[in-house]
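Have a look at the structure below, then the notes.
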Amino acid sequence: MTEHEQDSTETGDDLPEQMKIRREKRAALLAEGKEPYALGYPRTHSLAELRGLFGGLADGESSGVTVSTTGRVIFVRLAGKLAFARLRDGDGTEFQVMLSQGKVGEEALAEWKRLADIGDHIGVTGEVVSSKRGELSVMADSFQITGKALRPLPVAHKALAEETRVRQRYVDLIVRPEARDTVRNRARVVKSLRDQLDAESFIEVETPMMQVQPGGATARPFVTHMNAYDIDLYLRIAPELYLKRCVVGGIDRVFEINRNFRNEGADSSHSPEFAMLEAYRSYGDYRTIGALTKSLIQGAARSVFGSETVVLADGSEYDLGGEWAEITLFGSLSEALGETVTVDTPYDVLVAYADKVGLGVDPKWGPGKLAEELFEHLVVDGLHAPTFVLDYPEETSPLVRGHRTTPGLTEKWDLYVRGFELATGYSELIDPVIQRERMEAQARQAAKGDDEAMGVDEDFLRAMEYGMPPLCGMGMGIDRLLMALTGLGIRETILFPLVKPE
RNA sequence: GGGCCUCUAGCUCAAUGGCAGAGCUGCGGACUUUUAAUCCGUAGGUUCUCGGUUCGAGUCCGAGGGGGCCCA
């Protein structure tokens, strides 16, 4: 709200006509000794309960039962000495209210016409009846405005502009059932993940969001300042290093569902703050954690759709059931290029392939990063069905154990669903000496100006030196899981995504 | 970072460089069974901002801001 608009709230002089009128109605209620913002209303039934109890009423029939209920007015119609209103409850249930001059009285009906608006919260008391047209209704004996709306709701039958939906999500939630469904689906999915992990004896913890040294991923962090210690702190880019400290301490199945922050671009699939599940399990490898990830996703699908086949926003179906494809990074890349490429393929040869397929090469990339970029350029778009991509170069995975058979590779997978990356998993590196070498190499990259590279986390290394059990781990974006299950864009799955200030 | 598109009434959108409009919403009226009712009447504008060209700019030009799409 602008200063100008705030100032004018005092007088109402500069407000749009519709808002001015509603403020006048609020003032009129107060002047008549009626509280436009009530403490409550003595409700006997919710709208959903009324539907359940009186759904069998025949057209035009009266129940003889008087009830009190509440809701937001979403539709009004006047027909002379009779008025209709449709109420809606938070769960989306709608229910009609009728105000007949014969029942409610001339004065009350006039008050309704004079002071009630679409958008108001009201309480109403009366007999449950069915209208001539068979619409289940409360025939009001009395009503009360319990929460006066000062702004008009947008027209219900035209889609809100996307920007308005995102910036004013509260309005989006009022007018669009799908927006409310998304909130509920997200809650179901997160609950399903927690329940499944709990059933597998995983312990949920919360680790620092503000860190002295960011780590656990390669990404640019947000920086903030702590006055008491006069030090800069970083919003975490991943919880990994703390969850692994937990494992050292004996919490050997551990997970966290919480927010990460990455100071990078924002587009249709990336948000600067995003919710993530990370889980670590001792005595398992990347296949162990891959199987767990698959069952978590399939369980989440069942929790929303009751099936491992999900229905996307465009109406199409997507099958997450059964076994999922497994390919290797270099195997699939070789197939796409028609040339054999391995982790040992020289840098110059890879650059030549990049030129051939029109991929621009960043000189900062090493051969491993270049191979990954080639894979993303050539293979990823074709990965429609759920697919595990296995065995990534060591160069780009500084926290991952070396591959058991192939030097230069790591035991890492990325899970792709409908062409985007949904989750990643590893056989974790547990040798503190190799971990120190990797971190020092990263620190040299950072010193050379790579602002995504990690530094050496001495406390983490100290923890590892106390002995870490054989370990596997995974990370999965919650927002992306919602996208995978529903086909929505990231700005729909996040309730209040970051937007530039108005 | 580059390219393209976009910003007008509460909402969704129109308007060859020539009086800024429609539908819904709102307001006044008619109607005791409406479901996006119908009928009569009526109000509502810093056309994102600043500057320029022009007799005249929502429209053309420049700069800036917001949003979207595509590419890297």
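Across U32(B), A36(B), U33(B), the shortest atom-to-atom separation from the side chain of Gln101(A) is found for U32(B). Nearest nucleotide to the Thr164(A) side chain, out of U35(B), U12(B), A43(B): U12(B). Taking the side chain of Lys81(A) as heavy atoms from C-beta on, and the options G26(B), U32(B), G66(B), the nearest nucleotide is U32(B). Picking from U33(B), G10(B), G67(B) the nucleotide with the shortest atom distance to the side chain of Met139(A) gives U33(B). Relative to the side chain of Leu82(A), the nucleotides A36(B), U33(B), G26(B) differ in distance, and U33(B) lies closest. Taking the side chain of Leu78(A) as heavy atoms from C-beta on, and the options C31(B), G66(B), U32(B), the nearest nucleotide is C31(B). With G26(B), U35(B), U33(B) as the candidates, the nucleotide lying closest to the side chain of Arg86(A) is U35(B). The side chain of Ile21(A) has G26(B) as its nearest neighbour among U35(B), G26(B), U12(B).
Between Leu109(A) atom CG and C31(B) atom P there is a gap of 12 Å when expressed in whole angstrom units. The NZ atom of Lys500(A) sits 8 Å away from the P atom of G65(B) (whole-angstrom rounding). Taking atom CD of residue Gln18(A) and atom P of nucleotide G10(B), one finds them 8 Å apart after rounding to whole Å. Summarising the geometry, the separation between CG on Leu150(A) and C1' on U25(B) is reported as 17 Å, rounded to the nearest angstrom. Whole-Å rounding puts the Gln168(A) CD to G67(B) P distance at 14 Å. The nearest whole Å value for the distance from the CD1 atom in Ile490(A) to the P atom in G67(B) is 16 Å. With rounding to whole Å, Glu24(A) atom CD is found 18 Å from A43(B) atom P. Nucleotide U35(B) holds its P atom 18 Å from the CG atom of Leu136(A), rounded to whole Å.
A15(B) is unpaired under the criterion used here, namely a Watson-Crick or G-U wobble arrangement in which both key atom distances are under 3.5 Å. When both distances must be under 3.5 Å, the Watson-Crick or G-U wobble mate of G1(B) is C71(B). Shown here, U46(B) forms no base pair; nothing in the strands shown gives a Watson-Crick or G-U wobble contact with both key distances under 3.5 Å. Figure legend. C31(B) is base-paired to no nucleotide; pairs are counted as Watson-Crick or G-U wobble with both atom distances under 3.5 Å. In this entry A20(B) has no Watson-Crick or G-U wobble partner, no candidate having both defining distances under 3.5 Å. Using the Watson-Crick or G-U wobble rule with both distances under 3.5 Å, U59(B) pairs with nothing in any strand shown. Nucleotide U53(B): unpaired (no Watson-Crick or G-U wobble partner with both distances less than 3.5 Å).
Lys25(A) comes within contact range of the sugar-phosphate backbone alone, with a heavy-atom separation under 4.0 Å but no base atom that close. Backbone-only contact: Ala161(A) has heavy atoms under 4.0 Å from sugar-phosphate atoms and none from a base. Residue contacts shown for Gly60(A) are absent, as no nucleic acid heavy atom lies under 4.0 Å away. Within 4.0 Å of Leu153(A), counting heavy atoms only, lies no atom of the nucleic acid at all. Glu135(A) comes within 4.0 angstrom of a base, heavy atoms only.
Comparing G66(B) with C50(B), their C1' atoms sit 15 Å apart, to the nearest whole Å. For the C1' atoms, the distance from A9(B) to U46(B) is 13 Å, rounded to whole Å. Using C1' as the reference atom, A14(B) and G58(B) are 11 Å apart when rounded to the nearest Å. Separation of the P atoms belonging to U35(B) and C24(B) is 14 Å when rounded to the nearest angstrom. As rounded to the nearest Å, G52(B) and A15(B) have C1' atoms that lie 24 Å from one another. Nucleotides G17(B) and C60(B) have their C1' atoms positioned 8 Å apart, rounded to a whole Å. Nucleotides G29(B) and G45(B) have their P atoms positioned 22 Å apart, rounded to a whole Å. Comparing the same atom, C1', in C31(B) and in A37(B) gives a spacing of 11 Å after rounding to whole Å.
Atom CD of Glu492(A) is separated from atom CZ of Arg176(A) by 5.0 Å, given to the nearest 0.5 angstrom. Taken from CG in Leu374(A) to CD in Glu372(A), the straight-line distance is 10.5 Å, to the nearest 0.5 Å.
Using a 4.0 Å cut-off between charged side-chain N and carboxylate O, Arg186(A) and Asp479(A) make a salt bridge. Ionic pairing of Arg165(A) and Glu178(A) is not present here: no N-O contact between side-chain nitrogen and carboxylate oxygen is shorter than 4.0 angstrom. Using a cut-off of 4.0 Å between Lys/Arg side-chain N and Asp/Glu carboxylate O, Arg184(A) and Asp181(A) are scored as not salt-bridged. A salt bridge links Glu373(A) with Lys369(A): the distance from a Lys NZ or Arg NE/NH1/NH2 to an Asp or Glu carboxylate oxygen falls below 4.0 Å. Ion pairing between a basic and an acidic side chain is recognised when a charged N comes within 4.0 Å of a carboxylate O; Arg43(A) and Glu49(A) show no such pairing.
Summarising the local packing, CD of Glu335(A) is surrounded by 12 or fewer heavy atoms from other residues, nucleotides or ligands at distances under 6.0 Å.
Listed pair Arg491(A) / G68(B) meets the phosphate criterion, a side-chain N or O lying under 4.0 Å from OP1 or OP2. A close approach under 4.0 Å does not occur between any side-chain nitrogen or oxygen of Arg23(A) and OP1 or OP2 of G26(B). A sub-4.0 Å separation between OP1 or OP2 of C27(B) and a side-chain N or O of Arg114(A) is absent.
RNA chain B is contacted by both Glu163(A) and Ser100(A); Ser100(A) maps to the nucleotide lying nearer its 5′ end (nearest heavy atom per residue). Between Lys103(A) and Ile118(A), the residue anchored nearer the 5' end of RNA chain B, judged by the nucleotide with its closest heavy atom, is Ile118(A).
Counting heavy atoms from C-beta outward, Val389(A) and Val379(A) have side chains that stay 4.5 Å or more apart.
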